[in-house]
Structure formats: structure tokens, C-alpha cells
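Here the structure comes first, spelled out in C-alpha cells, and everything after it is commentary.
Nothing here was measured: the structure is a model prediction, and the numbers come from that model. Index from 1, following the sequence.
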Amino acid sequence: QVQLRESGPGLVKPSQTLSLTCTVSGDSITTSIYYWTWIRQPPGKGLEWIGGVTYSGSTTFSPSLKSRASISRDTSKNQFTLQLSSVTAEDTAVYFCTRDRGSGSNHLYDYWGQGTQVTVSS
């Protein structure tokens, strides 16, 4: 049973850094061949891929967010963390961590966290 769960503040002030941690159980982020991925869904909009990290630690990001996004891992805790800097209200969304079986732009999210609402507001 693969389970992912997001944790982190639900409210972030503009210009601050959003930080969310995904805790994975039932699979290892260091041995799985899949991408461990962050996606988000702004209110009333579709899913947006943010970026992901592989079992080897390699990261990729959406071109629109790469300047602000980073993903790190804590392999001892089987966790990976998203940091999104300089947030604005447009970053308000439900954030999901997922396992991505896809390749390139063909994302196949087979396991999802439940999602966590992050609101950017002063």
C-alpha cells in the first residue's frame, strides 16, 4: 500500500516561501523508478504540474515555476519537500504530492496524497 501525505502550513504570506513536505510510505523514494511529484490545482482550474524528484535525486520543474521552485529529499524519513519562493495569491491552490509513472509531459499519477490547501494571503 503506497501512501503519500502532505504536510505544511496552510497559510503563507505573499513574498514568503511555501514549504510542503510529502511523507511516503509503502514505497521508497530512493529505490523507486518513479518521479515523486508535486502538482497543484488552483481554485476553479485544472491540475498544474510543478516538478518532481527521482529516486536518484534528480529534479525537474515546470518552466513557468523553475525559477521559484525547488524539491529536496530527506531519504532517512522517506520524505520530499517542495519549496516555492516569492509566492503570490496566484499560488493559492490545493497542493498534492504524487507518484508519477509517466515520462516527459505524459504524467501518470498513480498514487496521490489527499491534498492540502495552501492559501497565500496577508
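- Across Val94, Asp91, Leu20, Val118, a single residue satisfies side chain to side chain contact (heavy atoms under 4.5 Å, CB included) together with Arg40, and that is Asp91.
- Rounding to the nearest 0.5 Å places CD of Gln16 at 10.5 Å from OG of Ser86.
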Subject >> Verdict with reasoning, Thr17 to Ser19, per side-chain hydrogen bond (donor to acceptor under 3.5 Å, both in side chains) >> reply: CA-CA 6 Å; Thr17 296; Ser19 182; over 6 Å; no

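- Between Leu82 and Glu6, every side-chain heavy-atom pair lies at or beyond the 4.5 Å cut-off.
- In the hydrophobic clustering of this structure, Val120 groups with Tyr95; members are Ile, Leu, Val, Met, Phe, Trp, Tyr whose side-chain heavy atoms approach within less than 4.5 Å, directly or through other members.
- No side-chain N or O of Thr119 forms a donor-acceptor pair with one of Thr92 less than 3.5 Å apart.
- No side-chain donor-acceptor contact under 3.5 Å links Ser56 and Ser58.
- Two residues are said to be in side-chain contact when any heavy atoms from C-beta on lie closer than 4.5 Å; Ser7 and Thr116 fail this criterion.
- Put simply, CZ on Phe61 and OG on Ser67 are 10.5 Å apart, with the number rounded to the nearest 0.5 Å.
- Between Tyr109 and Trp112, the ring-plane angle classifies as perpendicular under the 30° and 60° cut-offs.
- Residue Tyr35 is tested with Thr60, Thr98, Ile29 for a side chain to side chain contact (heavy atoms under 4.5 Å, CB included); the sole match is Thr60.
- At distances below 3.5 Å, not a single donor-acceptor pair connects side-chain atoms of Asp74 with backbone N or O atoms of Gln79.
- Side-chain contact between Ile39 and Ile50 is absent, with no heavy-atom pair separated by less than 4.5 Å.
- When each of Thr23, Val53, Thr37 is paired with Phe80, the side chain to side chain contact (heavy atoms under 4.5 Å, CB included) condition holds for Val53 and for no other.
- None of Ile71, Leu4, Thr81 except one satisfies the side chain to side chain contact (heavy atoms under 4.5 Å, CB included) rule with Cys22; the exception is Leu4.
- The main-chain N or O of Leu108 is found under 3.5 Å from a side-chain atom of Asp100 such that the two form a donor-acceptor pair.
- Gln3 is not listed as a side-chain neighbour of Tyr111, based on a closest heavy-atom distance of 4.5 Å or more.
- Within 6.0 Å of CZ on Arg68 lie more than 12 heavy atoms contributed by other residues, nucleotides or ligands.
- Within 6.0 Å of the CD atom in Gln114, the count of heavy atoms belonging to other residues, nucleotides or ligands does not exceed 12.
- The shortest heavy-atom contact between Ala93 and Pro43 is CA-CD, 4.4 Å.
- Contact between Ser121 and Pro14 at its shortest, heavy atoms only, is C-CD, 3.5 Å.
- Residues Phe96 and Val87 do not share a hydrophobic cluster, defined by chaining ILVMFWY side chains whose heavy atoms lie under 4.5 Å apart.
- A distance of 10.5 Å separates OH in Tyr55 from CZ in Arg73, rounded to the nearest 0.5 Å.
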